[in-house]
Amino acid sequence: MSVKTKELLQMDLYGLLGAKCTATAKELKKAYRQKALTCHPDKNPDNPKAVELFHQLSQALEVLTDAAARAAYDKICAAKKQAEERNRKLDDKRKKIKLDLETREQQAEDYKQDEAQMTRTLEEEIARLREEGSRQLEEEQRLIKEHIQKERQNPQSNRCSHVTPKLKLKWKCKKGDETNGGYSYDILMSLLQKYGDVSNLIVSSKKTGSAVVEFATVKAAGLAVKNETGLSPNPLKTSWLEGEPVSAPQMDPLMSGQNPLTKERDYESIVMMKMRQAAERQKLIEQMQREDEDEAASS
């Protein structure tokens, strides 16, 4: 199944992928993987809409990761945006603007010709892509299939893969302390980066002695929670804020004599209980954060 060129012209390919128009090829591929995993035909065999969306995502990635095709598409988008802006201004200043009818008709005709030329260019680029085949698209789809197979083989390890691991950091700090208890942004980064890539670090400006760190992997976050104690004069307390992995429950030896169906049901019940506990813990963390913010605002 392929998306027709006219349909492509009516679609927001960047919006479809959930990416910005300035996104790099790497960012576009990452956005594609995140969206395509939810609507892949292997995961939605009985959902034609999901299959159609998957093909639209594939077509969007195919066009936007090719420099020439993307340039042609961006040119059409820019022209449409300019036309929409012109129309908006005409509506806002309708009483003050008097345009000659022939000039407007000529401008419209010129625009139609330009659009036709740009459409032909895009059609040529898409035709070239279809003839050559998209190695990048094939590779992305292969990786997605491998990811789905791994999920099926070990669903527990991927249960929280969509959640970005975040930790809450706390330390003692008096109000008005310009050193922030000895923990600056650079010091915190140097302490945390040894466990893995740090995606983001936010040091609270409202409440002293508080920060939130986002790691690129759950493993790095887990190492930081387990091992990082901070500066010896002012210890650092770390706790999970989001993305804590759900550990597999230990099976009771007394259950070894149960049939496989009973074991599976008991296992699912334990997992559901763990998930509920994690959700309750998250709500408690959010409530504590709100209380901290209210306390900081009232002081």
Side-chain angles (χ1 to χ4, degrees), residues 14 17-35 37-38 143 147 157-247 274-275 277-299:
Y14 293 104
L17 291 174
K20 297 180 180 179
C21 60
T22 57
T24 63
K26 182 178 180 181
E27 292 170 339
L28 290 170
K29 292 177 185 178
K30 181 179 179 181
Y32 168 80
R33 285 194 294 269
Q34 292 175 344
K35 287 289 186 72
L37 278 172
T38 64
L143 292 173
H147 185 88
S157 64
N158 294 284
R159 189 176 297 276
C160 296
S161 61
H162 63 284
V163 179
T164 304
K166 298 183 181 67
L167 303 181
K168 185 174 183 180
L169 311 177
K170 280 192 172 184
W171 62 89
K172 292 182 180 180
C173 181
K174 296 181 180 179
K175 291 185 177 180
D177 184 357
E178 296 181 355
T179 66
N180 198 22
Y183 289 96
S184 64
Y185 177 91
D186 293 336
I187 290 176
L188 287 171
M189 285 293 287
S190 65
L191 291 172
L192 299 169
Q193 282 180 331
K194 60 178 175 284
Y195 301 106
D197 293 338
V198 176
S199 302
N200 197 11
L201 173 63
I202 300 175
V203 181
S204 176
S205 58
K206 294 182 179 180
K207 183 173 178 59
T208 57
S210 179
V212 174
V213 59
E214 177 183 2
F215 281 95
T217 63
V218 174
K219 181 179 179 181
L223 289 172
V225 169
K226 184 178 180 181
N227 300 301
E228 187 53 53
T229 58
L231 304 175
S232 55
N234 190 3
L236 191 67
K237 295 181 179 180
T238 61
S239 60
W240 284 99
L241 184 61
E242 188 176 281
E244 181 178 6
V246 180
S247 58
K274 292 288 186 180
M275 292 179 66
Q277 290 176 348
E280 291 173 358
R281 184 166 58 252
Q282 179 63 28
K283 289 181 180 179
L284 179 60
I285 291 173
E286 292 175 354
Q287 180 180 352
M288 293 174 63
Q289 286 181 315
R290 287 195 295 271
E291 291 176 355
D292 290 344
E293 292 176 356
D294 293 341
E295 181 183 349
S298 61
S299 60

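Residue indices begin at 1 and follow the sequence shown.
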Note to self: When you compare the side chain of Thr229 with that of Pro235, does any pair of heavy atoms fall below 4.5 Å?
What the structure shows: no
Notebook entry, point to check: Just how far is it from atom CG of Leu223 to atom CG of Leu192, taken to the nearest 0.5 Å?
Noted result: 12.0 Å
Next item on the list: Taking all non-hydrogen atoms of both residues into account, name the closest pair between Ala221 and Leu167 and its distance.
Entry: O-CD1, 3.6 Å
Checklist line | Test side chain to side chain contact (heavy atoms under 4.5 Å, CB included) applied to Lys20 - qualifying residues, sequence neighbours left out | finding: Thr22
Check: Does Lys30 reach the side chain of Gln34, with side-chain heavy atoms less than 4.5 Å apart?
Finding: yes
Margin query: Can you pull out every salt bridge (charged side-chain N to carboxylate O under 4.0 Å, His left out) where at least one residue sits in residues 179-197? Sequence neighbours excluded, please.
Written below: Lys194-Glu228
Checklist line | For Lys29, side chain to side chain donor-acceptor pair (under 3.5 Å) partners two or more places apart | finding: none
Note to self: Under the ring pair (Phe, Tyr, Trp, His ring centres under 6.0 Å) definition, can you give me all pairs with a residue in residues 170-211, not counting sequence neighbours?
What the structure shows: Trp171-Tyr183
Item checked: Partner residues of Thr217 under the side chain to side chain contact (heavy atoms under 4.5 Å, CB included) criterion, sequence neighbours left out -> Lys219, Ala220
Item checked: Distance, nearest 0.5 Å, that separates CG of Leu241 from OG1 of Thr164 -> 11.5 Å
Margin query: Contact between Leu169 and Thr238 at the side-chain level, heavy atoms closer than 4.5 Å - yes or no?
Written below: yes
Check: At their closest point, which heavy atom of Ala211 faces which heavy atom of Leu201, and how far apart are they?
Finding: CB-CD1, 4.5 Å
Next item on the list: Output the distance between atom NZ (Lys172) and atom CG (Asp177), rounded to the nearest 0.5 Å.
Entry: 13.5 Å
Check: In chain order, what residues pass the salt bridge (charged side-chain N to carboxylate O under 4.0 Å, His left out) check against Lys35, with sequence neighbours excluded?
Finding: none
Check: Would you say the side chain of Asn180 lies within less than 4.5 Å of the side chain of Thr208, judging by non-hydrogen atoms?
Finding: yes
Check: Any idea which heavy atoms bring Leu17 and Ala31 closest together, and the distance?
Finding: O-CB, 3.3 Å
